[in-house]
Peer 1: 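Mind looking over this structure? Questions follow.
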Protein chains: 2
Amino acid sequence: MTKAYEKPDVSVDVVLLTLAEKGLKVALHRRAKEPYPGSLALPGGYIHADEDDSLEDAARRTLQDKTGLAPRYLEQLRTFAGPGRDPRGWSVAISYVALVPFEELAAVPSTVFEFYSVDDIPALAFDHSDQVRAAVERVRNKSSYSTLPCWLLPGKFTLTQLQHTYEAVFGESVTRATFRSRLGIKVGDVQTGEAVDEAGVLIATDDYQLGNQRPARLFRADKLGLFKRASW
Amino acid sequence: MTKAYEKPDVSVDVVLLTLAEKGLKVALHRRAKEPYPGSLALPGGYIHADEDDSLEDAARRTLQDKTGLAPRYLEQLRTFAGPGRDPRGWSVAISYVALVPFEELAAVPSTVFEFYSVDDIPALAFDHSDQVRAAVERVRNKSSYSTLPCWLLPGKFTLTQLQHTYEAVFGESVTRATFRSRLGIKVGDVQTGEAVDEAGVLIATDDYQLGNQRPARLFRADKLGLFKRASW
DNA sequence: CTAATAGTGTCTTTGAGACACTATGGC
DNA sequence: GCCATAGTGTCTCAAAGACACTATTAG
């Protein structure tokens with residue numbers, strides 16, 4: 001009963017998603033080493049028992065090492081495991097989802113990642129295609145009842161930009177008024193600066209985005225807000 | 001770069017939940033061995049790389065070995081890990097939630113488990129309290145937009161029993177008509193046997209539960225159904 | 001002034017939920 | 001007949017969403 005079972009390999013993979021003009025994209029890199037050299041894969045790596053204090057730490061360290069990025073949104077997705085996903089044997093991969101504004105990715109050398117539309121994913125190493133599918137499903141689903149899409153935008157954004165983000169995530173359009181009422185923004189509060197979404201998370205700043213039109217108030221979100229009901 | 005990092009221990013833990021008269025209960029057993037001998041803990045065990053074909057297999061095997069149970073509902077919850085959760089060092093625990101009808105537990109010897117109300121959990125070994133909390137949160141949340149509570153009932157059940165189950169999970173009552181409309185059951189369809197919930201998962205059988213009143217049609221659910229909108 | 005986009009008031013329709021009425025068994 | 005619980009029809013009120021109107025900038 002106290003037989004020592006062979007320990008499986010344990011790694012952390014990160015599904016890094018961003019929003020480009022044509023919709024959600026996933027960041028993939030080309031593997032150099034065995035197994036699957038030359039294949040596209042998610043960024044990931046082994047846990048470093050001596051330096052990682054948590055799984056999230058390991059995920060952040062992996063991204064930091066490979067790209068220098070520190071994503072503002074990082075969430076555990078699910079754990080993928082089994083005897084067949086890695087030719088070296090029984091393995092465990094704890095998968096994370098990271099959301100990064102497209103603008104931040106300009107700082108990453110273009111040789112590190114290739115970006116692919118999440119609705120048109122090529123063949124990937126290991127079970128990484130499954131991980132991407134699960135991540136996209138999670139993001140779409142969670143966006144329907146939360147302020148999650150805020151993390152695909154820069155720190156400050158207009159309501160119209162946020163609306164376009166939701167529309168890109170879901171591939172569906174709504175009217176401005178409908179969008180705002182879905183967020184739970186009470187009419188009249190945008191101008192007074194008391195605008196607040198249903199979850200009390202969207203914060204009106206005193207800055208405006210100027211341009212060839214009426215200036216638009218800029219908002220920010222500090223934490224994830226959950227709506228009472230799904231709405232998309 | 002090819003330094004061999006020490007592999008963490010990997011185990012699977014199961015949060016086994018059931019519904020007794022006074023609400024949701026979690027099954028706990030008293031540990032015999034180190035670490036934490038004498039403490040209450042979740043059932044769990046190491047992965048057996050030679051016999052487990054998946055994580056879910058490992059979870060099922062664990063339950064089978066300890067109790068002989070084969071839960072109809074089993075779902076991966078989340079992975080808990082870190083250097084501090086087990087005194088033996090960096091460890092990874094993939095947590096599963098299992099739902100079992102109270103009736104099925106009669107077959108398990110009463111010495112195996114003690115049942116505790118999920119809203120009044122004692123101190124547990126490792127981070128098992130966190131796991132229970134997360135499991136309950138998941139079950140409550142998912143019940144608000146799915147037919148998940150069906151798995152807390154025997155194979156066939158009346159709509160009233162199902163309503164009582166939802167009410168026990170949430171600790172809140174509604175009228176019969178409200179409950180049925182939440183499921184999306186169209187009026188008039190219960191009697192004709194075409195009754196179907198919003199997700200098309202509740203199946204009307206031809207059996208009725210008799211008693212000192214008008215007989216109630218029995219239903220069954222084969223798979224989990226998701227509603228379009230949360231409703232509790 | 002016009003063009004362009006931001007913000008809001010109003011109306012319609014849908015649907016959630018409370019209530020009360022009808023149905024059908026055991027006694 | 002009565003009691004008890006199952007199943008359903010109806011009404012009300014609130015929220016979702018479309019549309020159109022007003023507001024504020026640049027040029």
Side-chain angles (χ1 to χ4, degrees), chain A residues 143-145 153 156-167 170 172-199 202-220 227-232, chain B residues 143-145 153 156-167 170 172-199 202-220 227-232:
Chain A
S143 294
S144 73
Y145 63 89
L153 288 170
K156 291 181 181 180
F157 48 83
T158 68
L159 290 181
T160 301
Q161 286 171 335
L162 185 58
Q163 179 177 347
H164 291 333
T165 304
Y166 273 89
E167 290 173 344
F170 291 110
E172 197 183 326
S173 300
V174 294
T175 65
R176 248 182 342 226
T178 297
F179 175 72
R180 283 157 198 235
S181 86
R182 281 186 183 180
L183 287 185
I185 291 179
K186 294 155 208 80
V187 289
D189 282 353
V190 170
Q191 285 187 341
T192 60
E194 293 172 13
V196 152
D197 60 313
E198 182 184 351
L202 275 191
I203 301 163
T205 71
D206 287 332
D207 297 336
Y208 287 81
Q209 177 159 298
L210 306 178
N212 201 17
Q213 76 285 343
R214 174 170 175 177
R217 192 181 273 269
L218 289 165
F219 291 80
R220 66 188 163 81
F227 306 143
K228 291 198 200 76
R229 309 176 65 88
S231 31
W232 214 285
Chain B
S143 294
S144 73
Y145 63 87
L153 288 171
K156 292 181 180 182
F157 47 83
T158 67
L159 290 180
T160 301
Q161 287 172 334
L162 185 59
Q163 178 177 347
H164 290 334
T165 305
Y166 273 90
E167 289 173 344
F170 291 111
E172 197 183 324
S173 301
V174 293
T175 66
R176 253 191 335 247
T178 297
F179 175 71
R180 285 157 197 234
S181 85
R182 281 185 185 181
L183 287 185
I185 290 179
K186 292 154 209 83
V187 289
D189 283 352
V190 168
Q191 286 188 340
T192 61
E194 292 173 14
V196 152
D197 60 313
E198 183 183 352
L202 275 191
I203 300 164
T205 71
D206 286 332
D207 297 335
Y208 287 83
Q209 178 160 296
L210 306 179
N212 203 16
Q213 76 284 343
R214 173 168 174 177
R217 192 180 271 269
L218 289 165
F219 291 80
R220 65 188 165 82
F227 306 142
K228 293 198 197 73
R229 309 176 67 88
S231 29
W232 215 285

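We name chains A, B, ... by the order of the sequence lines, and we start the count at 1 in each one.
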Peer 1: Check the distance between dG27(D)'s P and Arg214(A)'s CZ and give it to me in whole angstrom.
Peer 2: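 These atoms are roughly 18 Å apart.
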
Peer 1: Respond yes when some side-chain nitrogen or oxygen of Arg182(A) is under 4.0 Å from OP1 or OP2 of dG17(D), and no when none is.
Peer 2: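 True: Arg182(A) side-chain N/O within range (under 4.0 Å) of dG17(D) OP1/OP2.
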
Peer 1: Round to the nearest Å and state the distance from Arg217(B) atom CZ to dA23(C) atom P.
Peer 2: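 The distance from CZ of Arg217(B) to P of dA23(C) comes to 18 Å, rounded to the nearest Å.
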
Peer 1: Knowing that exactly one of Lys156(A), Arg220(A), Arg217(A) qualifies, which makes a salt bridge (charged side-chain N to carboxylate O under 4.0 Å, His left out) with Asp206(A)?
Peer 2: Arg217(A)

Peer 1: Taking the side chain as C-beta and beyond, is there a heavy-atom pair between Tyr208(A) and Thr158(A) under 4.5 Å?
Peer 2: no

Peer 1: Mind calculating the distance between CG (Leu159(A)) and C1' (dT8(C)) to the nearest angstrom?
Peer 2: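 Those two atoms, CG and C1', are 13 Å apart.
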
Peer 1: Can a side chain N or O of Thr160(A) be found less than 4.0 Å away from OP1 or OP2 on dA6(C)?
Peer 2: yes

Peer 1: What integer distance in Å separates Gln163(B):CD from dG7(D):P?
Peer 2: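 Distance, rounded to whole Å: 11 Å.
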
Peer 1: Parallel, tilted or perpendicular: which fits the ring planes of Trp232(A) and Phe179(A), with parallel below 30° and perpendicular above 60°?
Peer 2: perpendicular

Peer 1: Can you check the Gln209(A) CD to dA4(C) P distance for me, whole Å?
Peer 2: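 The distance from CD of Gln209(A) to P of dA4(C) comes to 17 Å, rounded to the nearest Å.
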
Peer 1: Arg180(A) side chain: which of dT8(C), dG17(C), dA4(C) is closest?
Peer 2: dT8(C)

Peer 1: Has Thr205(A) got a side-chain atom pairing as donor or acceptor with Leu218(A)'s backbone, closer than 3.5 angstrom?
Peer 2: yes

Peer 1: Between dA18(D), dA6(D), dT24(D), which nucleotide has the shortest distance from any of its atoms to the side chain of Thr175(A)?
Peer 2: dA18(D)

Peer 1: Taking only the side-chain nitrogens and oxygens of Thr178(B), find out if one of them lies under 4.0 Å from OP1 or OP2 of dA16(C).
Peer 2: no

Peer 1: Select base, sugar-phosphate, or nothing to describe what Arg176(A) touches, counting heavy atoms under 4.0 Å on all strands.
Peer 2: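 Touches a base.
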
Peer 1: What nucleotide, of dG27(D), dT24(C), dG17(D), holds the atom closest to the side chain of Asn212(A)?
Peer 2: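 Of dG27(D), dT24(C), dG17(D), dG27(D) is nearest to the side chain of Asn212(A).
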
Peer 1: Could you tell me how far apart Tyr208(A) (OH) and dT5(C) (C1') are, to the nearest whole angstrom?
Peer 2: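 Those two atoms, OH and C1', are 15 Å apart.
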
Peer 1: Picking from dT5(D), dT5(C), dA18(C), which would you name as closest to the side chain of Ala177(B)?
Peer 2: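 Minimum distance to the Ala177(B) side chain belongs to dA18(C).
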
Peer 1: Just how far, in rounded Å, is C1' of dA6(C) from CG of Leu210(A)?
Peer 2: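 Going from CG in Leu210(A) over to C1' in dA6(C) covers 13 Å.
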
Peer 1: Counting only side-chain heavy atoms from C-beta out, which of dA18(D), dT5(D), dT24(D) sits nearest to Gln213(B)?
Peer 2: dT5(D)

Peer 1: May I have the distance from Ile185(A) (atom CD1) to dG9(C) (atom P), rounded to whole angstrom?
Peer 2: 14 Å

Peer 1: Side chain of Gln163(A), backbone of Val174(A): donor and acceptor closer than 3.5 Å?
Peer 2: yes

